[in-house]
Amino acid sequence: MTTFDWVRHGQTQANVDQIMQGQLDSAVTHLTVNGLQQAERLAQWLSNSHYDQLVSSPLHRTRQTTAALTATLDVLPQFDDRLMEADYGQWTGANFQGLRAQQPADFDALTGEALPDTLAAVGGETYLDVQRRVGQWLAEEVVDHPNDHILVVSHGLTIKATALLMLAAPATTALPEPGNTSLTRMVIDPVTGQRYLRSYAVSGQFR
């Protein structure tokens with residue numbers, strides 16, 4: 001079995017300011033002091049775990065989170081563009097609350113997330129777009145490293161879209177994005193191709 005432990009990066013200033021980050025990579029998307037502490041606590045939580053690989057999105061916020069993890073884990077980081085956050089199109093860098101106030105029909109009333117078709121309408125990626133690029137990466141990993149335990153550092157919508165891929169579920173806001181530095185475990189059988197979502201958005205000691 002190939003096991004993937006996905007973690008979302010630590011809190012960023014954009015998270016605090018409710019800015020739509022997407023693939024934005026500027027000072028506002030760097031980790032806050034709290035975000036750096038979250039990453040350090042995550043590193044301690046995983047310090048007794050063994051990983052064959054650590055693969056991260058190349059954006060600065062995931063690189064910062066990865067740096068904290070490699071301070072305690074004996075693994076060299078790799079970076080892959082396919083693990084980046086979804087492209088938010090024209091909404092990249094926009095204020096979330098402002099958008100919701102102006103265009104409430106584009107957001108889920110309970111979760112506050114943009115509805116699945118909304119990002120594509122503003123020039124961004126669909127859930128399927130994200131699943132295609134991440135799915136290609138997953139397939140390569142399963143073929144090349146069928147028995148590896150892989151730590152993946154990525155982003156909220158990317159992890160959510162990949163979890164839905166594991167479940168063969170439609171794009172939906174019913175599944176919320178995972179919180180900062182939470183852990184999601186996915187397993188793929190390299191023989192049958194069967195996909196499993198073993199846990200989602202877990203915080204605290206992972207078992």
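Counting begins at 1 with the first residue of the sequence.
A continuous path of ILVMFWY side-chain contacts below 4.5 Å connects L165 to V134, so both sit in one hydrophobic cluster. Cluster membership check: F4 does not share its hydrophobic cluster with L46, using side-chain heavy-atom separations under 4.5 Å among Ile, Leu, Val, Met, Phe, Trp and Tyr. Note on L31 and V28: separate hydrophobic clusters, where clusters join Ile, Leu, Val, Met, Phe, Trp and Tyr whose side-chain heavy atoms are under 4.5 Å apart, directly or indirectly. By the criterion of side-chain heavy atoms lying less than 4.5 angstrom apart, applied directly or through intervening Ile, Leu, Val, Met, Phe, Trp or Tyr residues, W45 is grouped together with L151 in one hydrophobic cluster. Following chains of ILVMFWY side-chain contacts shorter than 4.5 Å, one can reach L99 starting from V122, so the two form part of one hydrophobic cluster.
Taking CD of E125 as the start and CG of L119 as the end, the distance is 9.0 Å to the nearest 0.5 Å. Between the OG atom of S199 and the CG atom of D5 there is a distance of 7.0 Å, given to the nearest 0.5 Å. With values rounded to the nearest 0.5 angstrom, H149 atom NE2 is found 9.0 Å from H50 atom NE2. Atoms OG1 and CG, on T172 and L167 in that order, are 11.0 Å from each other to the nearest 0.5 Å. Within the model, atoms CG of D81 and OG of S57 stand 8.0 Å from one another, a figure rounded to the nearest 0.5 Å. Considering CE of M84 and CG of L157, their distance stands at 13.0 Å, rounded to 0.5 Å.
Minimum interatomic distance between P178 and S182 (heavy atoms only, all atoms of both residues): CB-OG, 3.4 Å. Heavy atoms only, all atoms of each residue included: S49 and Y51 are closest at CB-CE1, 3.6 Å. What you find for Y127 and P116 is that their closest heavy atoms are CE1-CA, 3.8 Å. A pairwise comparison of heavy atoms in S56 and T62 identifies OG-CB, 3.5 Å as the closest pair. Here the shortest heavy-atom pairing between S154 and I159 reads CB-CG1, 4.1 Å. Here the closest non-hydrogen pair linking T173 and T111 is O-CG2, 3.4 Å.
Side-chain contact between L36 and Q64 is present, with at least one heavy-atom pair separated by less than 4.5 Å. Side-chain contact between M166 and I188 is present, with heavy atoms from C-beta onward closer than 4.5 Å. In this structure, T3 and V187 have side chains that are in contact, with non-hydrogen atoms separated by less than 4.5 Å. In this structure, the side chains of T162 and R195 stay at 4.5 Å or more apart for every pair of heavy atoms.
Side-chain contact, Q38 with N180: no donor N or O sits under 3.5 Å from an acceptor N or O. No hydrogens or angles considered: nothing links the side chains of Y200 and K160 as a donor-acceptor pair under 3.5 Å. In summary, the side chains of T158 and E85 do present a donor paired with an acceptor at a separation below 3.5 Å, with no hydrogens or angles considered. Looking only at atom types and distance, the side chain of Q21 has no donor-acceptor partner in the side chain of T29 under 3.5 Å away.
Formation of a donor-acceptor pair under 3.5 Å by the D17 side chain with backbone atoms of I19 is not found in this model. Of the possible polar contacts, none joining the E113 side chain to the D108 backbone as a donor-acceptor pair under 3.5 Å is found. For the pair R61 (side chain) and H9 (backbone), a donor-acceptor distance under 3.5 Å is absent. Between the side chain of T2 and the backbone N or O of P146 there is at least one donor-acceptor pair closer than 3.5 Å. Side-chain N or O atoms of T32 include none that pairs as donor or acceptor with a backbone N or O of Q13 at under 3.5 Å.
Residues forming a side-chain hydrogen bond (donor to acceptor under 3.5 Å, both in side chains) with N95 (at least two apart in sequence, or on another chain): none.
A parallel orientation is assigned to the rings of W91 and F107, their planes being inclined by less than 30° (bins at 30° and 60°).
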>> side-chain contact (heavy atoms from CB on, under 4.5 Å), that's the test. Do M186 and T184 meet it? Break it down for me.
In response: CA-CA 7 Å; M186 306 178 195; T184 294; 3.8 Å; yes
>> Run L115 and D106 through side-chain contact (heavy atoms from CB on, under 4.5 Å) and show every step you take.
In response: CA-CA 6 Å; L115 296 176; D106 288 333; 5.6 Å; no
What side-chain donor-acceptor pairs closer than 3.5 Å can you find for residues 68-76, not counting sequence neighbours?
residue	atom	partner	partner atom	Å
T70	OG1	T66	O	3.1
T70	OG1	A67	O	3.2
T72	OG1	A43	O	3.3
T72	OG1	L69	O	3.3

